[in-house]
Amino acid sequence: MEIAVESGVRPMEMGVGMGKNQTLICAPIMADTVDQMVELMHKAKFKGADIVEVRLDHLKSLDPRPDIEVLIRQCPLPTLFTYRPTWEGGEYNGDEDSRFEALQLAMELGADHIDIELKAAHDFMNFTSGNKPEKCKIIVSSHNYEYTPSVEDLGNLVARIQGAGADIVKFATTALDITDVARVFQITIHSQVPIIAMVMGERGLMSRILCPKFGGYLTFGTLEEGKVSAPGQPTIDELISLYNFRSIDADTKVFGIIGKPVSHSKSPKLYNRAFKEDGVNGVFVHLLVDDVNKFFDTYSSPDFSGFSCTIPHKEVALARCDEVDPVAKSIGAVNCLIRRPDGKLFGCNTDYVGAISSIEIGLQGSQNGATHTGSPLAGKLFVVIGAGGAGKALAYGAKEKGARVVIANRSYDRARDLAELVGGQALTLAELNSFHPETGMILANTTSIGMQPKIEETPISKEALRNYELVFDAIYTPKITRLLREAQEVGSKIVTGVEMFIGQAYEQYERFTGLPARKQLFRDIMADY
Ligand code: NAP
Ligand code: DHK
């Protein structure tokens, strides 16, 4: 089923105002001792969390009354108490009555919320005879660590949770594909009661960031990278500082970088900061996409407004576009897609401008790049390693500037095809090290060889680099790759992938927002990188 996820009017929820982002950031508190938990609670408040989830099941020992009294009395934030059993992904493997007793005590001692699993809710309500302080909200939760059910099954799950006496509905599923998140958005936006709905795993990240747009009651943000209570949780810092979480509301337009892998991308850092500076109501997220067509078929709403595209989707993404910029068509790859108000997809390629202009500037040693006498690339022998999206962009751009182009690639057939397209020569990667028909050549690496985490790899020997006047690497994680380091060591000029990244982002930002890209701002944002 294709789901066009529409942001719509959301029901009033426990004071959550229509169109206002009052989705809470909840910090999971997990520690061995009560004292350590109290310390983490203060850290959570300092980092900007709105509420803490006290995971009693992580304590090495628990004396319920004194310990819960301390935890509630010393907590600087509203509390949610959870005592998760092992059969639902937690650490508690004791008897249920003791678990229920501790949760009931937490309610009596002043907890603002408690979480009880749907499977135990009936027994818990019987145990407490349905009694609870008015202040305390009962979250009834269900966790699926295997997959994300259909919209119909999720709807039935929500109904069962409501029927179990929940004040707040909570479910967490697992994303096998990023399109699973659309079904959870669908349920969230139409929920008539307060709801917490997450999709676990990297492919579910969007659910944790965009929940204010669709009416979620809270999202989880960790105190430190990786210190998660469920797969895929971002940190509080990432939510607030990287994704501008507090500014996300029902009208926020969604942008993102599609790729696989994609977590390394600095595009969210760049565009979200620029959105904030320019007052643009947009958010740019990491989108781990397996199937480009399935992704665009599912997120077909104009609310999903614009996308950058990276490995390995640039060529497939071009084929998915309803309209393609002629240059991108010549290159055969797009790295920028815009969803038009009529729902059609427009694709273009900003890689080649970003890279070629950076290389011209690197050759000229000034911010002018091409001069009145034309490009410094004219007549140069320009060797491109790679024949993918970036490789095609560089080859096309170099040819346009009058360079003689050589393509070296792992798959020789792709090298040959691209070389024919630009009237150049094709090499195998193995031939690269012995290819030095002249000095003063330009080298551009557009493979992922040397990209994190394999930073000790390089596509060409250090000795062979002596024949190159300038070496460019499209990779920008790390900024200085082994290739660039060794090029510098043999005396070549170098241009980093960060320069290309900034250059290719200007046009994308203008297409995303209709605003001119403030180039110095972009450089400032990336300066600390
Ligand atoms: P792509 O379309 O998937 O192309 C990848 C290229 O790398 C192909 O030529 C592929 O060769 C080659 N390759 C991949 N793994 C290899 C290996 N282990 N050994 C030898 N060759 C290998 O990706 P892309 O979009 O062009 O991006 C390529 C790189 O450029 C990525 O690191 C990306 O991050 C970077 N990039 C950076 C920017 C920027 O703004 N700085 C912009 C664009 C791209 P085959 O043809 O044999 O598969
Ligand atoms: C990298 C590329 O390949 C560019 O073409 C995209 C993306 C940006 C990134 O965010 O890493 O436009």
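Counting starts at 1 for both ligands and their atoms, following the listed order. Starting from 1, each residue takes its place in the sequence as its number. Excluded from the calculations below are hydrogen atoms, water molecules and symmetry mates; all remaining heavy atoms, backbone and side chain alike, are included.
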Please confirm whether [X] comes within less than 3.5 Å of ligand 1 when only nitrogen or oxygen atoms on both sides are compared.
X	value
V498	no
Y476	no
A387	yes
N409	yes
H264	no

Please check: side-chain N/O of [X] versus main-chain N/O of [Y], any donor-acceptor pairing under 3.5 Å?
X	Y	value
H286	S265	yes
N272	V283	no
S305	P302	yes
D278	V280	no

Ligand 2 atoms in contact with Q508 (distance to a heavy atom under 4.0 Å):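 Once the distances to Q508 are compared, the set is 12 (O).
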
What's the shortest distance from [atom] to any protein heavy atom, and which residue and atom give it?
atom	value
atom 7 (C) of ligand 2	I257 CD1, 3.6 Å
atom 7 (O) of ligand 1	T447 CA, 3.2 Å
atom 6 (C) of ligand 1	T446 O, 3.9 Å
atom 33 (C) of ligand 1	I311 CD1, 4.0 Å
atom 11 (O) of ligand 2	Y476 OH, 2.5 Å
atom 3 (O) of ligand 2	K314 NZ, 2.8 Å
atom 15 (N) of ligand 1	S448 OG, 3.4 Å
atom 40 (O) of ligand 1	F501 CA, 3.1 Å
atom 5 (O) of ligand 2	D351 OD1, 2.6 Å
atom 1 (C) of ligand 2	T310 OG1, 3.6 Å
atom 47 (O) of ligand 1	S411 OG, 2.6 Å
atom 6 (C) of ligand 2	Q504 OE1, 3.6 Å
atom 8 (C) of ligand 2	S267 OG, 3.7 Å
atom 37 (C) of ligand 1	A474 O, 3.1 Å
atom 4 (O) of ligand 1	G388 CA, 3.4 Å

Does a salt bridge link [X] with [Y], judged by any charged N lying under 4.0 Å from a carboxylate O?
X	Y	value
R404	E438	yes
E224	K43	yes
R523	E499	yes
R320	D297	yes

From Y506, F346, F307, F255, residue fulfilling ring-ring contact (aromatic ring centres under 6.0 Å, His included) relative to F512: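 Between F512 and the candidates, ring-ring contact (aromatic ring centres under 6.0 Å, His included) is satisfied uniquely by F255.
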
How does N335 reach ligand 2, if at all, at less than 4.0 Å between non-hydrogen atoms: by side chain, backbone, both, or neither?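 N335 to ligand 2: contacts from backbone and side chain alike.
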
Using a 4.0 Å cut-off to any heavy atom of [X], which atoms of ligand 1 qualify?
X	value
I449	17 (C), 19 (N), 20 (C), 21 (N)
R414	45 (P), 46 (O), 48 (O)
G386	9 (O)
M451	32 (O), 34 (O)
I475	32 (O)
L429	20 (C)
M500	38 (C), 39 (C), 40 (O), 41 (N), 42 (C), 43 (C)
A390	24 (P), 26 (O), 43 (C), 44 (C)

With a cut-off of 6.0 Å (strictly less than), are more than 12 heavy atoms of other residues, nucleotides or ligands near [atom1] of [X]?
X	atom1	answer
K45	NZ	no
K462	NZ	yes
Q520	CD	yes
K329	NZ	no

side-chain contact (heavy atoms from CB on, under 4.5 Å) between R339 and S301: does it pass, once the steps are laid out? CA-CA 8 Å; R339 176 75 73 178; S301 155; over 6 Å; no

Salt bridge (Lys or Arg N to Asp or Glu O under 4.0 Å), paired with R203, selected from D177, D290, D180: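 It is D290; the other options fail the test.
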
Would you indicate which of K454, K392, R410 comes nearest to atom 16 (C) of ligand 1 when only heavy atoms are counted?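 Among K454, K392, R410, the closest heavy atom to atom 16 (C) of ligand 1 belongs to R410.
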
Nearest heavy atom to atom 44 (C) of ligand 1: which of K314, Q504, E499 does it belong to?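 Looking at heavy atoms only, K314 sits closest to atom 44 (C) of ligand 1.
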
What orientation do [X] and [Y] show, parallel under 30°, tilted 30 to 60°, or perpendicular over 60°?
X	Y	value
F304	F214	parallel
Y299	F295	tilted
Y509	F522	perpendicular

Would you say N335 and T350 are linked by a side-chain donor-acceptor pair, where the criterion is simply a distance under 3.5 Å?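 T350 vs N335: donor-acceptor pair found between side chains.
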
Heavy-atom gap A390 to ligand 2 smaller than 4.0 Å: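 So A390 does not count as touching ligand 2.
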
Given that the side chain starts at C-beta and the backbone is N, CA, C, O, which of these parts of D351 lies under 4.0 Å from ligand 1, counting heavy atoms, or is it both or neither?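 For D351, the contact with ligand 1 is made by the side chain alone.
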
Sub-4.0 Å heavy-atom approach of N445 to ligand 1: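 False for this residue.
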
For F275 and F284, I'd like to know if the aromatic rings sit close, meaning centre-to-centre distance below 6.0 Å.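 No; F284 has its ring centre 6.0 Å or more from that of F275.
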
